[in-house]
Amino acid sequence: MTETGKTQFVSTDPEHISISKSKGIKIDWKDGHTSEYGLRYLRHHCPCAVCSGSHGTVPQAPPIDPGPFQMYAPALKMVNVEPVGNYAIRIVWNDGHGSGIYSFEHLRKISPESNHELQR
């Protein structure tokens, strides 16, 4: 509860989604919050079982910081972005990965503007 006695409303429903396949995703949420996700940040926070280690395996998500040899790696891009029902989007990456379904709940949870500890 907030100091005024009202429950704080956090929406996982997007009002508007802007997609740039070469830059990232910007979401305006129904509660007035705005989240901006860069490509590396999104790829690093892929929710699929392989990247997150959900099956008891070591997480395989690429690091946010590509390291000193980033000039030799192809630029990360989204090849395709498609809706999954009314609750998520699926991103296909130019590195061949495409099994991550990013629910709006997951995207709001990892919002860079409100989760600074996740930016490591």
Side-chain angles (χ1 to χ4, degrees):
M1 291 213 155
T2 63
E3 291 180 19
T4 61
K6 295 181 181 178
T7 304
Q8 182 179 8
F9 176 71
V10 175
S11 177
T12 57
D13 295 327
E15 182 76 33
H16 182 263
I17 301 173
S18 299
I19 298 169
S20 169
K21 291 182 179 180
S22 62
K23 293 181 182 177
I25 296 176
K26 178 180 175 184
I27 300 177
D28 295 322
W29 302 97
K30 287 189 176 179
D31 64 0
H33 183 77
T34 297
S35 300
E36 294 189 42
Y37 309 88
L39 294 177
R40 290 202 179 281
Y41 188 83
L42 281 169
R43 183 65 182 88
H44 177 78
H45 289 93
C46 176
C48 83
V50 173
C51 292
S52 66
S54 295
H55 295 300
T57 58
V58 177
Q60 300 294 316
I64 291 175
D65 180 7
F69 301 108
Q70 67 184 0
M71 67 191 94
Y72 298 110
L76 184 62
K77 292 181 185 170
M78 294 184 280
V79 175
N80 191 31
V81 180
E82 59 190 22
V84 177
N86 290 324
Y87 72 95
I89 56 174
R90 180 174 168 257
I91 301 173
V92 177
W93 298 95
N94 68 332
D95 66 1
H97 189 68
S99 59
I101 295 176
Y102 295 74
S103 70
F104 297 134
E105 182 178 346
H106 174 71
L107 288 166
R108 183 60 191 257
K109 182 175 139 187
I110 66 165
S111 178
E113 293 76 22
S114 58
N115 293 297
H116 298 287
E117 70 277 1
L118 290 174
Q119 294 182 24
R120 292 180 298 221

Review item, side-chain donor-acceptor pairs of residues 32-39, under 3.5 Å, at least two apart:
unit_1: H33; atom_1: NE2; unit_2: S35; atom_2: OG; d: 3.4
unit_1: H33; atom_1: NE2; unit_2: S111; atom_2: OG; d: 3.2
unit_1: T34; atom_1: OG1; unit_2: D28; atom_2: OD1; d: 3.0
unit_1: S35; atom_1: OG; unit_2: W29; atom_2: NE1; d: 2.9
unit_1: S35; atom_1: OG; unit_2: S111; atom_2: OG; d: 2.7
unit_1: Y37; atom_1: OH; unit_2: L107; atom_2: O; d: 2.4

*State, to 0.1 Å, how close S52 and S54 come at their nearest heavy-atom pair, and which atoms those are.*
OG-OG, 2.7 Å
*Work out which heavy atom in P47 is nearest to a heavy atom in G100; give both atom names and the distance.*
CD-CA, 4.5 Å
_Taking I89 as the starting point, is it possible to reach Y87 by hopping between hydrophobic residues whose side chains are less than 4.5 Å apart?_
no
*V50 and I91: same hydrophobic cluster, using ILVMFWY side-chain contacts below 4.5 Å?*
no
*At their closest point, which heavy atom of C51 faces which heavy atom of C46, and how far apart are they?*
CB-O, 3.6 Å
*With a 4.5 Å limit on heavy-atom distance, are the side chains of S20 and K26 in contact?*
no
*H45 to H106 - nearest heavy-atom pair and separation*: O-NE2, 2.9 Å
_CZ on R108 to OG1 on T12, rounded to 0.5 Å_ = 8.5 Å
*If two hydrophobic side chains count as joined below 4.5 Å and joins carry through other members, does I101 share a cluster with I17?*
no
Can you list, pair by pair, the side-chain donor-acceptor contacts under 3.5 Å of residues 74-85, counting residues two or more places apart and other chains?
unit_1: N80; atom_1: ND2; unit_2: E82; atom_2: OE1; d: 3.4
unit_1: E82; atom_1: OE2; unit_2: R90; atom_2: NH1; d: 2.9

*Please report the closest heavy-atom contact between F104 and A88, naming both atoms and the distance.*
CE1-N, 3.6 Å
*Is it true that a side-chain atom of D31 and a backbone atom of S11 form a donor plus acceptor pair closer than 3.5 Å?*
yes
_To the nearest 0.5 Å, what is the distance between CG on N94 and OG on S22?_
11.0 Å
